[in-house]
Amino acid sequence: MSTRTILGRSDRAFDVSIYVVLVMVAVVGLYPFLHVLLVSVTAPETLIRRGTGFIWPGKMTLEAYREVFGSEAIRRALLMSIARTVVGTAVNLTLTTLTAFPLSREALPGRNVFLTLIVFTMLFSGGIIPTYLLVARLKLVDTIWALILPTAISPYYLIIMKNYFEGLPEELYEAASMEGASELQILTRVILPLSRPILATLGLFYAVYHWNAFFDAMIFINDRSKYPLQVLLREIVVQGNVQDMMGDRVIFGQNMKMAVIAVTTIPILVIYPLIQRHFAKGITLGAIKG
Amino acid sequence: MHSGRRISLHSSRCHGPLPKAARNRGLLTMLVPGLIYFSVFCYGPMYGAMIAFKDYSMLTGIWGSPWAGFKHFANFFSSPSFWPLLRNTFLISFYKLAFGFPVAIALALMLNEVESKWLKGVVQTISAVPHFVSWVVIAGIMTAMLSPTEGLINELVKSAGRRPVFFLGSKQWFRPILVVSEIWKESGWSAIIYLAAMSGIDPALYEAARVDGASKYRQIINVTLPGIRSTIAVLFILKVGNILNAGFEQVFTLINPLVMSVGDIIDTWVYRNGLVYHQYSLATAVNLFKSVVGMVLIFSSNWLIRRSGERGIW
């Protein structure tokens, strides 16, 4: 592709228009986030005077962030989000690995039956009402487990990991089993050390899921002190205020709203470069093709 | 890989390979937690979906509640909300597919033509970011930017000499906004999938096209697009199978009473009637209807694609 040196005139015009469009795509993609940051560091007086259009904050102030982190409700929500992300991802990875490994072994009795049953869950589900009734029945409402157990394994990621394991050389298993290793020992001492890239990738995807999830928390968590950040953020954006633990209402100005949005988004942007490293490998395509 | 690292796993009890039965037992044991998960949290709700055919009450439970046959389905199909709901769901999905699907392919084609690694990387990075950001966050940004009083978009509208528009409260604008924001959020990510497919195209094909004097445009039409045909087919099947999933989180975070008549979709209706108004059986029936239609669509579009000579998803 790099040797396209002899360009016709029409090819050059073609290239230029592509560049123009792509630069516009980048600007349109980036500006909303920039807008959030700019408004969040602008003093409220400036916002009132000039509106929140194309804003340039003259003098920057971190006042909005101080107020956001000063709110007990937001600090709790942040902790809840961190907790569900850390514990949730750990559960996801453990169960996905433990299930993917036997499914990757042809020796597993009933392997095709298990695989078919798992793939079927990708095509059909009972829906949210029966899931809600089940979670309520298991007495998980208002616990962190309501946010973790119902999505403990993603069948898509499970298949990706199974395929990855299948791609490892068969001799590894043979060598280890000749030495009398049990299947669990083979997994933990031979396979897992070779699976860091896939564990990292799927771990990041699971973590992003947990950080972003809000609907499950909205239906499974009634206790306001256990809201994760996304649920609280929605309340702030929709209502413009939030009830603090003491029952006082804290009014959120535009700069504070944008500060909460920034706080909710920044962790994603921080781990994004790590995720991106695995993009080009077509990992998602593998998922889709199952 | 793994060049000769010594594996010493001697257990004191036995040397040499474990017997096959023990090995199988080991594998099955490992599978137990996963099987419990799928039985409880995937097949459990499928069993629970039986309440679509019953008059469910919390007191009598799933099994104990009296059978109601297809009553809830009949009620839903004959209710005045059925057609508007189906229309909203289908139209929102259809517009997203009709506009969003080509945009993602076009973006990938353009990125593929860029020779500057730097520009390609920057655009790819920026355009894929929104995929990883939640709808709650994006709805927050949209609410701010589309606000009729202080939003950025309306400043542009006003500076063009027009009156500000309450976009999110407008029946005319609500669906276009759903479509555009979906495209903004997902195109960059979908493009990456196509780009991965494009990187697998044999460079010799481009070489041959150039020798024949094909312009870049002709190369796209004659080499790149045919090269990603099977990827397009797979993604298209999945989109069609998902046509009744109009985007719950997006609609849910943006919908408001003013646009209910154009924005209410099956999923938001199921949520409201099931979990807010506690009509468990009715909501489950509607959801079941949606799941079954989705499954029929995915099987039939896969069949059609395979008949046309592509590989399909299975």
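In this text the structure is predicted, and so the values were computed from the model without any measurement. Reminder, nothing fancy here: chain letters follow the sequence lines and each chain counts from 1.
With a 4.5 angstrom heavy-atom cutoff, R234(A) touches chain B via backbone and side-chain atoms both. Interface remark: T143(B) contributes side-chain atoms only to the contact with chain A (heavy atom separation under 4.5 Å). Heavy atoms closer than 4.5 Å to chain A are found in the side chain of L35(B), but not in its backbone. If you measure heavy-atom distances from M145(B) to chain A, the contacts under 4.5 Å come from the side chain alone. Of the atoms belonging to F14(A), it is side-chain heavy atoms, and not backbone ones, that fall under 4.5 Å from chain B. Heavy atoms closer than 4.5 Å to chain B are found in both the backbone and the side chain of L123(A). Heavy-atom distances place the side chain of L187(A), and not its backbone, under 4.5 Å from chain B. Looking at T29(B), there are no atoms closer than 4.5 Å to chain A (heavy atoms on both sides), in backbone or side chain. If you measure heavy-atom distances from M218(A) to chain B, the contacts under 4.5 Å come from the side chain alone. V28(A) touches chain B through backbone and side chain together, each having a heavy atom under 4.5 Å away. In this structure, chain A has heavy atoms under 4.5 Å from both the backbone and the side chain of T284(B). If you measure heavy-atom distances from F248(B) to chain A, the contacts under 4.5 Å come from the side chain alone. In this structure, chain A has no heavy atom under 4.5 Å from any part of V122(B). Interface residue F38(B): only side-chain heavy atoms are found under 4.5 Å from chain A. Contact of Y37(B) with chain A is made through the side chain alone, with heavy-atom distances under 4.5 Å. Using a 4.5 Å cut-off between heavy atoms, M58(B) contacts chain A through its side chain alone, with no backbone atom that close. In this structure, chain B has heavy atoms under 4.5 Å from both the backbone and the side chain of L184(A). Within the 4.5 angstrom heavy-atom criterion, no atom of Y209(A) approaches chain B. In this structure, chain A has no heavy atom under 4.5 Å from any part of L254(B). Of the atoms belonging to L134(A), it is side-chain heavy atoms, and not backbone ones, that fall under 4.5 Å from chain B.
Interface summary for chain A: among Y217(B), Y56(B), F299(B), F252(B), the most heavy-atom pairs under 4.5 angstrom belong to F252(B). Interface check for chain A: of the options G140(B), S116(B), G26(B), the most heavy-atom pairs under 4.5 Å are formed by G140(B). Contact tally against chain A (heavy-atom pairs below 4.5 Å) for L31(B), V123(B), L119(B): the top residue is L31(B). Most heavy-atom pairs under 4.5 Å with chain B, from the set V23(A), T96(A), L117(A): that is L117(A). Of the listed residues (L288(B), I62(B), V133(B)), the greatest number of heavy-atom pairs within a distance under 4.5 Å of chain A belongs to V133(B). The candidate from L95(A), V231(A), L103(A), T99(A) with the greatest count of non-hydrogen atom pairs under 4.5 Å with chain B is T99(A). Chain A forms more heavy-atom pairs under 4.5 Å with one residue of I51(B), L109(B), I298(B), V40(B) than with any other, namely V40(B).
The existence of a salt bridge linking K185(B) and E249(B) is excluded, since no basic side-chain nitrogen approaches an acidic carboxylate oxygen closer than 4.0 Å.
Ring geometry for W189(B) versus F132(B): interplanar angle over 60°, hence perpendicular rather than tilted (30 to 60°).
Counting all heavy atoms, side chain and backbone alike, I261(A) lies closest to I141(B) at CD1-N, 3.8 Å.
The side chain to side chain donor-acceptor pair (under 3.5 Å) search around N256(B) returns none, not counting sequence neighbours. For the ring pair (Phe, Tyr, Trp, His ring centres under 6.0 Å) test, no residue two or more places apart in sequence or in another chain qualifies with Y132(A).
More than 12 heavy atoms of other residues, nucleotides or ligands lie within 6.0 Å of CH2 in W184(B), so this atom counts as buried by the packing criterion. Other residues, nucleotides and ligands contribute more than 12 heavy atoms inside 6.0 Å of the OH atom of Y47(B). Around NZ of K290(B), the count of heavy atoms belonging to other residues, nucleotides or ligands within 6.0 Å exceeds 12.
N92(A) and H210(A) are linked by a side-chain donor-acceptor pair at a separation below 3.5 angstrom, with hydrogens and angles left out of the test.
Formation of a donor-acceptor pair under 3.5 Å by the S159(B) side chain with backbone atoms of L156(B) is found in this model.
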side-chain contact (heavy atoms from CB on, under 4.5 Å) between V135(A) and W145(A), intermediate numbers included: CA-CA 9 Å; V135(A) 169; W145(A) 301 109; over 6 Å; no

Test ring-ring contact (aromatic ring centres under 6.0 Å, His included) applied to Y280(B) and H278(B), step by step: CA-CA 5 Å; Y280(B) 295 120; H278(B) 303 294; 5.6 Å; yes

Residues R23(B), E106(A); criterion salt bridge (Lys or Arg N to Asp or Glu O under 4.0 Å); working and verdict: CA-CA 12 Å; R23(B) 202 151 278 290; E106(A) 266 175 42; over 6 Å; no

Chi angles and distances behind the side-chain contact (heavy atoms from CB on, under 4.5 Å) call for M258(A), L37(A): CA-CA 7 Å; M258(A) 294 303 123; L37(A) 274 183; over 6 Å; no

Pair R210(B)-E207(B), salt bridge (Lys or Arg N to Asp or Glu O under 4.0 Å): steps then yes or no: CA-CA 5 Å; R210(B) 267 196 301 280; E207(B) 201 60 51; 3.1 Å; yes

